[in-house]
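Here the structure comes first, spelled out in structure tokens, and everything after it is commentary.
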Amino acid sequence: MAKAATKSAKKPAAKAAPKAAVKAAAKSGAKASAKAAAKTAATSKVPKPAKKPGIKLSMLRPSVNNMTVRVFARAAGLDPAETDAWGLTRSPEFLARNPAHLTPMIEDKGLPRGVLWESCAIMQYLANKHGLDKFYPKAPAKRAMIDSAMFYLVGTLYPYVARATYPALGFPQYAGEVGHSDAHPDKKSEAQKAAMAAIAEPLEVFHSFFRNGKPFIGGNNPSIADIRLAATLEFLAVIDYALPSWAKEYMAAMEKKLGKAYAEPAGDVRGYIAHVKSQARA
């Protein structure tokens with residue numbers, strides 16, 4: 001009887017063991033299947049790199065100030081949505097947003113007043129917002145040199161370029177300038193020639209100081225200061241200004257480096273200059 005009891009006691013245990021193993025295996029298999037399914041779902045939904053949001057840009061095609069931002073926005077991959085503001089900058093709608101009636105102008109909800117004008121300020125803002133260190137380095141010393149080059153251009157070189165080229169381009173000159181006054185045409189011509197002669201000095205400063213043997217002000221790659229300088233030099237073609245050889249090579253290098261981002265906006269400026277020169281010859 002003792003042997004029979006022992007046998008009967010062992011049999012249920014022997015039968016129970018396989019059932020437990022089956023349950024454990026089933027549970028383990030379910031977990032493995034769940035993990036595999038989760039992994040498959042995760043890999044099938046890998047997010048694509050976020051595209052930089054486009055910007056709304058009001059601009060004038062013949063302007064090198066506008067060309068500056070158009071080139072930068074393209075080179076930076078910002079996909080600008082452009083609006084030609086020719087003849088609209090004095091409209092009530094435009095003045096309500098931009099009382100300075102200036103272009104280029106961008107619109108961005110993140111700005112305190114919703115809009116921003118001045119080409120250098122626009123490039124600085126967009127470079128800061130989108131982390132475009134390639135065009136506007138964060139290192140204080142390098143950034144200071146970029147800023148200095150732009151401020152020197154806006155404060156010194158561009159006024160000379162404007163006085164020398166605006167009469168030929170048909171652009172209105174600034175109040176207080178000889179070209180804006182009722183002075184004798186000979187006096188206006190003298191002032192224009194004086195401005196043209198003055199261009200050589202700041203040009204040499206860009207060459208010897210800001211570039212200092214480098215391909216660009218930004219080093220091996222163009223910076224926002226380079227984009228501003230190259231665009232400014234485009235206007236000199238309207239007066240057949242004899243650019244030094246380094247400046248010709250510099251502009252060619254800018255266009256080669258930036259490709260269509262530079263060539264397309266430059267084409268609008270060059271087209272306008274060609275039109276103006278053809279009208280003068282007619």
Side-chain angles (χ1 to χ4, degrees), residues 50-132 135-136 150-151 153-155 158-159 161-163 165-177 179-181 224-225 227-228 230-232 234-235 238 258 260-276 279:
K51 186 179 180 181
K52 295 184 180 71
I55 60 170
K56 293 182 179 179
L57 171 63
S58 296
M59 54 82 199
L60 302 177
R61 296 183 187 280
S63 163
V64 294
N65 298 323
N66 287 259
M67 174 186 160
T68 299
V69 174
R70 296 180 72 201
V71 170
F72 171 73
R74 285 166 168 74
L78 296 177
D79 190 25
E82 297 180 343
T83 299
D84 193 337
W86 188 268
L88 302 175
T89 57
R90 298 279 183 168
S91 67
E93 182 184 5
F94 196 92
L95 289 171
R97 294 179 296 158
N98 179 346
H101 52 80
L102 294 174
T103 60
M105 178 188 78
I106 63 167
E107 299 175 57
D108 193 327
K109 292 180 180 178
L111 292 164
R113 302 302 299 273
V115 301
L116 181 68
W117 60 85
E118 294 295 343
S119 61
C120 294
I122 290 172
M123 290 192 295
Q124 289 170 314
Y125 168 72
L126 292 175
N128 286 331
K129 179 176 180 179
H130 298 292
L132 301 169
F135 296 100
Y136 194 38
M150 289 195 300
F151 298 158
L153 188 152
V154 172
Y158 192 78
V161 171
R163 291 168 190 148
T165 63
Y166 277 20
L169 288 163
F171 292 174
Q173 296 207 55
Y174 297 102
E177 298 281 358
H180 185 73
S181 70
I224 57 176
I227 293 172
R228 188 68 184 88
T232 298
E234 291 283 348
F235 261 174
V238 77
L258 299 179
K260 288 184 179 179
Y262 185 94
E264 290 177 353
D268 287 329
V269 171
R270 294 167 186 169
Y272 182 75
I273 290 173
H275 169 73
V276 167
Q279 293 295 104

What is the minimum heavy-atom distance between [X] and [Y], and which atoms define it?
X    : Y    : result
I227 : T68  : CG2-O, 3.4 Å
A162 : Q173 : O-OE1, 4.5 Å
A231 : Y262 : N-OH, 4.2 Å
A76  : F135 : CA-CE1, 4.1 Å
A261 : A75  : CB-N, 3.6 Å
L88  : S91  : O-OG, 2.7 Å

For the residue pair Y272 and F171, does the interplanar ring angle fall in the parallel (under 30°), tilted (30 to 60°) or perpendicular (over 60°) class?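 The rings of Y272 and F171 lie parallel, inter-plane angle below 30°.
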Rounded to the nearest 0.5 Å, what's the gap from [atom1] on [X] to [atom2] on [Y]? Could you check?
X    : Y    : atom1 : atom2 : value
I224 : I122 : CD1   : CD1   : 11.5 Å
L169 : H275 : CG    : NE2   : 11.5 Å
M123 : L132 : CE    : CG    : 12.0 Å
R163 : E177 : CZ    : CD    : 4.0 Å
H180 : Y174 : NE2   : OH    : 12.0 Å
F235 : M67  : CZ    : CE    : 10.0 Å

Are side-chain heavy atoms of [X] and [Y] found at a separation under 4.5 Å?
X    : Y    : result
H130 : L78  : yes
R70  : R61  : yes
S63  : T103 : no
L57  : P104 : yes
L102 : E118 : yes
L60  : D84  : yes
K129 : D108 : yes
N66  : D268 : no

N65 side chain to S119 side chain, donor-acceptor N/O pair below 3.5 angstrom: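 N65 vs S119: no donor-acceptor pair found between side chains.
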Could you name each residue pair satisfying salt bridge (charged side-chain N to carboxylate O under 4.0 Å, His left out) that touches residues 96-106, not counting sequence neighbours?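 As it turns out, the salt bridge (charged side-chain N to carboxylate O under 4.0 Å, His left out) pairs with a partner in residues 96-106, which skip direct neighbours, are R97-E107.
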